[in-house]
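Contents: one structure, followed by commentary.
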Amino acid sequence: MRGPMLSVEEAQQRVLRVFEPLPTERVDILAAVGRVLASDVHADEDLPPHANSAMDGYAVRANETAQAAPESPTRLRIVGDLPAGAVPRQAVTPGTAIRIMTGAPLPPGADAVVRVEDTDQQDGYVRVYVRVDPGNYVRPAGEDVRAGTLALERGTALRPQEIGMLAALGHSRVAVARKPRVAILATGDELISLDEPLTIGKIRNSNSYSNAAQVIQHGGEPLLLGIARDTTEALTGKLKAGLKEDVDLVLTSGGVSVGDFDLVKEVLATEGEIDFWRVRMKPGKPLAFGHLRTCPSQGSGARPVPVLGLPGNPVSVMVSFEIFVRPVLLKMQGARHWERPTVAATLMDDIPHKDDRRHFVRVWLTWQDGEYRAYLTGAQGSGILSSMVKANALAIIPEDWDCAPAGARVRVMRLD
Ligand code: AMP
Ligand code: MG
């Protein structure tokens with residue numbers, strides 16, 4: 001069976017359109033890292049909540065420093081001390097100053113801070129050597145976020161800085177989409193699990209782990225179904241077991257190329273519905289997409305469960321995940337952006353064997369001499385995992401290029 005050859009975009013759309021946003025739940029903010037914010041977060045209060053000092057120094061009335069200079073300092077009586085966290089009990093009145101530490105609230109009457117470096121202190125008085133304007137070294141209340149404004153927009157993927165913002169605004173819990181549950185099944189008679197001894201003809205099942213790590217990285221919950229042998233019965237049995245676990249998506253790897261033992265599509269055709277395509281990309285040409293039927297008694301509750309049959313080679317499976325599964329996980333979680341950021345870069349090495357597919361080439365992207373440059377990280381065979389390990393980006397070589405010589409300008413998709 002040879003399916004039609006689809007463009008990357010066409011295949012992405014066909015996959016994406018069957019997925020809907022998942023329900024939401026409230027979780028501790030530290031359980032929300034890497035997940036997607038499900039509702040807008042407005043600030044209930046100003047951040048920072050009160051005007052405070054940006055420096056260690058003296059809180060003063062700026063107009064009193066108008067004549068201050070190294071040869072004619074302004075002399076002010078020190079009437080108080082404000083460490084961080086202290087509550088101002090006293091105002092700065094004409095002729096006085098209050099010692100203040102970074103982060104301490106500005107006392108009433110003061111409108112500026114003079115750095116300690118620009119002063120001298122003696123006998124309860126401070127000599128100010130510089131003129132300062134109102135607002136000098138003062139962080140106004142609401143400088144960062146104003147009360148009532150939108151601080152974080154729903155659909156934002158939560159990184160450490162968003163978690164910090166939630167904490168600063170007093171949110172210990174936050175609404176996020178439920179984690180997409182992704183079952184992962186390896187196929188192949190040659191595969192052994194990680195704790196089995198390596199014997200001749202066998203290789204370790206690495207795909208399930210690289211895919212599971214990708215699922216975790218994008219806010220999902222992987223469920224490893226193990227290895228299915230290359231028989232209809234084994235594959236059907238493992239897939240049916242997976243459906244009992246109430247999953248949103250099943251990923252398989254291997255068994256989708258055109259060969260005698262390529263069973264994923266056969267089993268899908270029997271147990272559900274199958275679309276088999278070739279996608280105009282390299283690596284990752286063969287892709288099976290379909291659904292498995294479920295019964296009401298099963299965990300997944302009678303709805304058909306989408307299945308993506310990814311190719312078997314260790315790099316192809318990861319690149320196919322990037323292109324097809326990552327957008328699905330983000331869509332299910334209600335994310336606003338599905339695309340990886342790309343930059344324009346100069347290709348530093350020739351790309352060998354360019355054909356009429358879109359090539360995703362493993363590169364190290366770096367900024368040098370005023371431009372981004374992309375260096376090949378090694379052999380580009382779809383089983384060579386070490387060049388994936390060395391890569392921080394994928395250079396995208398368009399399908400209509402006959403060759404991709406060093407010096408060409410290309411788009412590069414960052415992976416980190
Ligand atoms: P297939 O599409 O099943 O013919 O697999 C293509 C290549 O990927 C073969 O060399 C397989 O041995 C390899 N492969 C398949 N599944 C895995 C896996 N889970 N982990 C590592 N390599 C695999
Ligand atoms: Mg196989």
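Numbering starts at 1 and runs along the sequence shown. Ligands are counted one by one from 1 in listed order, and the atoms in each one are counted from 1 as well.
Between Arg303 and Asp246 there is a salt bridge, since a side-chain N of the basic residue sits under 4.0 Å from a carboxylate O of the acidic one. Contact check on Asp133 versus Arg131 returns a salt bridge, with a Lys/Arg side-chain nitrogen under 4.0 Å from an Asp/Glu carboxylate oxygen. Using a cutoff of 4.0 Å between basic side-chain nitrogens and carboxylate oxygens, Lys240 and Glu271 are scored as salt-bridged.
Residues Thr156 and Arg336 have side chains that bring a donor and an acceptor to within less than 3.5 angstrom of each other.
Nearest heavy atoms, Val8 versus Val279: CA-CG1, 3.9 Å.
Under the rule for a side-chain contact (heavy atoms from CB on, under 4.5 Å), the partners of Thr102 that lie at least two apart in sequence or sit in another chain are Asp56, Arg139.
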Once you restrict both partners to nitrogen or oxygen, which atoms of ligand 1 have a protein partner under 3.5 Å, and how far apart are they?
unit_1: ligand 1; atom_1: 2 (O); unit_2: Gly255; atom_2: N; d: 3.4
unit_1: ligand 1; atom_1: 3 (O); unit_2: Gly255; atom_2: N; d: 2.8
unit_1: ligand 1; atom_1: 8 (O); unit_2: Gly312; atom_2: O; d: 3.0
unit_1: ligand 1; atom_1: 8 (O); unit_2: Asn313; atom_2: N; d: 3.2
unit_1: ligand 1; atom_1: 12 (O); unit_2: Glu190; atom_2: OE2; d: 2.6
unit_1: ligand 1; atom_1: 14 (N); unit_2: Gly312; atom_2: O; d: 3.1
unit_1: ligand 1; atom_1: 16 (N); unit_2: Asn207; atom_2: ND2; d: 3.4
unit_1: ligand 1; atom_1: 19 (N); unit_2: Asn205; atom_2: OD1; d: 2.9
unit_1: ligand 1; atom_1: 19 (N); unit_2: Asn207; atom_2: ND2; d: 3.4
unit_1: ligand 1; atom_1: 20 (N); unit_2: Ser206; atom_2: N; d: 3.1
unit_1: ligand 1; atom_1: 20 (N); unit_2: Asn207; atom_2: N; d: 3.3

